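A short write-up of the structure that comes next.
Labels below follow one simple rule: chain letters A, B, ... track the order of the sequence lines, proteins then strands, and each chain is numbered from 1. All values below come from the heavy atoms of this structure, side chains included, with hydrogens, waters and symmetry mates left out. Please read all numbers here as calculations on a predicted model, not as lab measurements.
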Amino acid sequence: MLDYLSKLNEQQYKAATCVDGPLLILAGAGSGKTGTMTHRIAYMIKEKNINPYNILAVTFTNKAAGEMRGRVEDLCGRYPGMWISTFHSSCLRILRKEADKLGYDKNFVVYDTVDQKAVAKAIIKELELDEKIFAPAYILSVISDNKENQISASDFLIKAGSFGPNKTLASCYTMYEEKLKSNNALDFDDLILKTVELFEKFPDVLSAYQNMFKYIMVDEYQDTNMLQYKLIKLLAGSTKNICVVGDDDQCIYEWRGANIQNILSFEVDFPGAKIIKLEQNYRSTGNIINAAHSVIENNKGRKDKKLWTASDDGEKIEYYRADDDKEEARYIAAKINKLKREDPTLSFKDFAILYRTNVQSRRFEECFGSLGLPYQVLSGLRFYDRKEIKDMLCYMRLILNPKDDISLIRVLNEPKRGIGDKSQQNIQTVARLNGWNLLEALGSDVVLDGLSSRARDEAINLVNTIKSLSVEQNNMSVSDLYDTLLFKTGYMKALEDMHTVEADGRVDNILEFKSVIAEKEKECSEADETLTLESFMEGLALVSDIDNHDPDADSVSLMTLHSAKGLEFKVVFMPGMEMGLFPSYRSMDKGDNLEEERRLCYVGMTRAKERLFLSSAELRMLYGKTDFTSESPFLSEIDKKYLTGHAVYDKKKKNISSDRFNPVSKYNGNDSYVSPIAAAYNAKTRASSIVQKATLAGVEVLPGDKVEHEKFGVGTVIKSEDNVLTVVFDGCGTKNLAKDLAPLKKV
DNA sequence: GACATATCTAAAGCC
DNA sequence: TAGATATGTC
């Protein structure tokens with residue numbers, strides 16, 4: 001066996017050396033997937049003498065691509081410009097070369113989610129739509145769905161018919177496409193879509209790329225959507241040297257278009273495909289693996305496979321039911337300190353708290369903050385989506401492309417220039433009437449004369465700043481340009497004058513962004529190049545984030561289950577194991593969605609290497625209301641052999657053995673759960689599920705009855721305004737009444 | 001037009 | 001509860 005391949009196990013070795021023809025690698029959690037893929041690339045280059053530039057390896061995230069590139073470099077050296085990149089950046093690279101064939105200017109801009117939203121809002125205004133019904137996010141999701149399924153605006157218009165909401169949506173879609181086209185912009189979906197169109201319309205272009213990419217690899221295949229699948233199928237062409245790696249059990253992105261069918265039916269689409277399963281897990285203890293398996297095996301639509309591990313059983317998984325969400329946070333904090341005391345080799349960075357929703361982080365931040373426990377939160381907001389960064393990016397885009405109306409609108413009154421809604425509309429009207437872009441309109445006398453004297457001065461200054469920097473951009477460094485922009489637009493001064501904590505934070509971010517630019521310039525000068533604004537922005541177009549998770553910082557990591565995919569920690573906590581929270585109440589109507597939640601649970605559990613702690617809170621405050629909760633059905637799916645824990649009601653008795661463990665939620669066998677809490681959530685929309693009857697220890701209670709809770713004392717049952725049975729406790733506020741709730745007794 | 005106050009609503013987030 | 005947006009006031 002070749003030296004560098006000797007670390008691979010038998011299955012991994014098979015996968016790494018099977019190079020020709022279609023191959024599906026089913027790689028379970030922690031099975032050494034990335035290692036196998038990188039070794040496969042190294043094998044192709046070193047042993048098969050395949051030209052590195054004939055290999056295309058696509059991933060979903062920049063982080064994954066970067067990691068893969070780094071590991072390939074370690075194995076077989078650096079090949080600059082090798083095609084190891086995300087779907088979107090591969091397509092961007094192709095389109096930069098070929099966009100003119102599709103009638104686009106090659107220097108098109110890429111609109112991100114924020115830009116798209118701005119376009120959608122403009123459309124809503126123009127069509128005078130009711131934003132309640134046609135919310136920007138809704139319109140955009142319809143457009144995105146269509147694009148992912150390669151349905152054009154005109155196709156959709158035909159499909160939509162001549163009336164009803166679909167007709168309106170079709171007009172939105174059409175206008176959206178017109179606006180992007182006239183701004184010379186593509187959105188993220190377009191990057192894939194236009195590349196597919198390019199290949200379909202120009203067979204010669206396709207065959208050139210087919211010749212180039214003789215070997216194709218796709219990571220996280222379970223997350224591909226229909227269009228991405230089509231793209232790689234086109235590229236794989238007749239050679240069919242395509243290797244896809246994925247795990248159907250880790251498909252947690254169906255809600256944004258991932259099609260799990262792509263992995264389930266790979267063999268059908270590529271007849272003769274080899275399938276290799278990587279089932280040995282190198283990450284977790286036996287108990288963790290087995291417990292995770294006992295949950296995931298409840299899913300129906302999945303490939304049959306079972307992870308195993310050569311490591312010991314390890315400790316059992318622990319479950320704790322806390323009194324409330326605050327106590328849950330205290331419990332976890334105390335547990336972290338205790339574990340660290342008992343095992344001095346553990347440091348804070350070995351701990352992660354994985355929750356279902358971002359709002360859950362608050363309790364932990366409060367608690368950890370007061371205890372002085374170091375933590376880092378991976379928030380949902382990306383660096384580049386922050387307002388101040390986005391504003392600066394828009395200024396820079398305007399310098400590159402003064403025609404970019406969406407960017408101009410964004411920064412027109414930022415900082416405040418006295419050019420508000422009314423003036424903005426005037427500018428747009430003038431632009432439309434004269435066929436000008438907005439910057440031209442803004443600088444015209446017609447517009448300027450209609451402004452107040454302050455606004456007039458500001459407008460002239462803005463137009464001049466953009467125009468002169470646009471001319472000068474190649475005579476100055478990007479850093480200098482950035483500074484000039486901050487100064488001349490008055491952006492920095494406006495922030496500094498605010499003297500608020502928030503504004504200071506924004507200033508910090510703006511300086512942080514400057515160091516990003518400086519870093520890029522340094523990289524460039526080392527390679528004896530000068531960084532141009534154009535190349536800087538180009539590199540940024542698809543960068544999702546300055547990776548804000550620092551695995552080396554010695555702090556506890558707090559993040560959602562979704563963002564934990566691909567990571568691992570010695571000790572993992574999964575709080576909020578409650579019906580309605582996890583699984584999310586929005587997933588509980590349809591069996592399919594519930595399966596995705598279950599996969600999410602599986603992903604979370606398999607992040608743990610040594611210890612796994614699950615917890616729930618009996619009372620949780622959500623949306624300013626405190627509710628009783630039921631335990632998550634996933635808890636009862638875990639085989640009790642691997643689990644130890646207490647139900648809160650028995651806490652006084654202490655040391656409850658695991659066979660006494662009995663979560664209160666019930667599975668109705670129909671792959672949906674009937675829960676009083678869920679019913680309460682749904683009460684406004686679904687009359688049939690309103691909780692109008694509650695039974696406590698076999699005794700029915702009705703409004704007006706007195707009930708007693710072991711901790712909250714006596715309360716009265718009432719029917720709340722949303723028609724849900726509720727108990728009012730003296731001094732304890734109002735709580736929704738959950739059916740069969742053990743600590744409540746009728747008195 | 002800018003700022004203050006009232007009202008509404010609530011998942012996950014890759015490129 | 002808290003953030004985002006709609007409405008009201010100077």
- Task: Starting from P on B:dG1, measure out to NZ on A:Lys416 and report it in whole angstrom.
- Result: 12 Å

- Message: Check the phosphate of B:dG13 against A:Arg256, side-chain N and O only, distance under 4.0 Å to OP1 or OP2. Yes or no?
- Response: no

- Message: Regarding A:Phe188, tell me which of base, sugar-phosphate or nothing describes its non-hydrogen contacts under 4.0 Å with the strands shown.
- Response: base

- Message: Main chain of A:Thr86, side chain of A:Ser90: is a donor-acceptor contact present, judged purely on distance under 3.5 Å?
- Response: yes

- Task: Examine B:dG13: is either OP1 or OP2 under 4.0 Å from a nitrogen or oxygen in the side chain of A:Ser563? Give yes or no.
- Result: yes

- Item | A:Arg96 to A:Phe108, cation-pi by 6.0 Å centre distance and 45° axis angle | yes

- Task: Identify, between A:Lys422 and A:Arg356, the residue whose nearest nucleotide on DNA chain B lies closer to the 5' end.
- Result: A:Lys422

- Whole angstrom is fine here: how far is it from CG in A:Leu561 over to C1' in B:dC14? 16 Å

- Item | A:Asn62, nearest nucleotide to its side chain (from B:dA10, B:dG1, B:dC15) | B:dC15

- Expressed in angstrom and rounded to an integer, what is the separation of A:Glu366 atom CD from C:dA2 atom C1'? 12 Å

- Query: Given atom CZ of A:Phe108 and atom C1' of B:dC15, what is their separation to the nearest angstrom?
  - Reply: 13 Å

- Check: C:dA2 base within 3.5 Å donor-acceptor of A:Arg362 side chain: no

- Task: Let me know the distance between CG of A:Asp112 and P of B:dC15, rounded to the nearest Å.
- Result: 12 Å

- Message: Below 30° counts as parallel, above 60° as perpendicular, anything between as tilted: where do the rings of A:Tyr355 and A:Phe364 land?
- Response: parallel

- Examine B:dG1: is either OP1 or OP2 under 4.0 Å from a nitrogen or oxygen in the side chain of A:Ser423? Give yes or no. yes

- Do the charged groups of A:Glu366 and A:Arg362 touch, with an N to O distance under 4.0 Å? yes

- Message: Considering every strand and a 4.0 Å limit on heavy-atom distances, what is the contact class for A:Gly624: base, sugar-phosphate, or nothing?
- Response: base

- Answer with base, sugar-phosphate or nothing: what part of the nucleic acid does A:Ser584 contact at a heavy-atom distance below 4.0 Å? base

- Quickly work out the A:Ile252 CD1 to B:dG13 P distance and round it to whole Å. 9 Å

- Task: Assign the ring pair A:Trp255 / A:His562 to parallel, tilted or perpendicular, where the plane angle (0 to 90°) is split at 30° and 60°.
- Result: perpendicular

- Message: Quick check on B:dG13: is either OP1 or OP2 less than 4.0 Å from any side-chain nitrogen or oxygen of A:Asn358?
- Response: yes

- Query: Taking the nucleotide of DNA chain B with the closest heavy atom to each, which residue, A:Thr357 or A:Thr86, is nearer the 5' end?
  - Reply: A:Thr357

- Any donor-acceptor pair under 3.5 Å from A:Ser584 side chain to A:Gly580 backbone: no

- Item | Between P of B:dC3 and CD of A:Glu414, the distance in whole Å | 11 Å

- With heavy atoms under 4.0 Å as the rule, sort A:Asn413 into base, sugar-phosphate or nothing. sugar-phosphate

- Query: Nearest-Å distance, CG (A:Asn225) to P (B:dC14)?
  - Reply: 16 Å

- Task: Please indicate yes or no: is the ring centre of A:Tyr253 less than 5.5 Å from the centre of the six-membered base ring of B:dA12, with the two planes inclined by under 30 degrees?
- Result: no

- Interatomic distance at P, C:dA4 relative to B:dG13, whole Å: 16 Å

- Message: Please tell me if A:Lys121 has a side-chain N or O lying less than 4.0 Å from either OP1 or OP2 of C:dT5.
- Response: yes

- Query: Any idea which of B:dA11, C:dT1, B:dA12 is nearest the A:Met621 side chain?
  - Reply: C:dT1

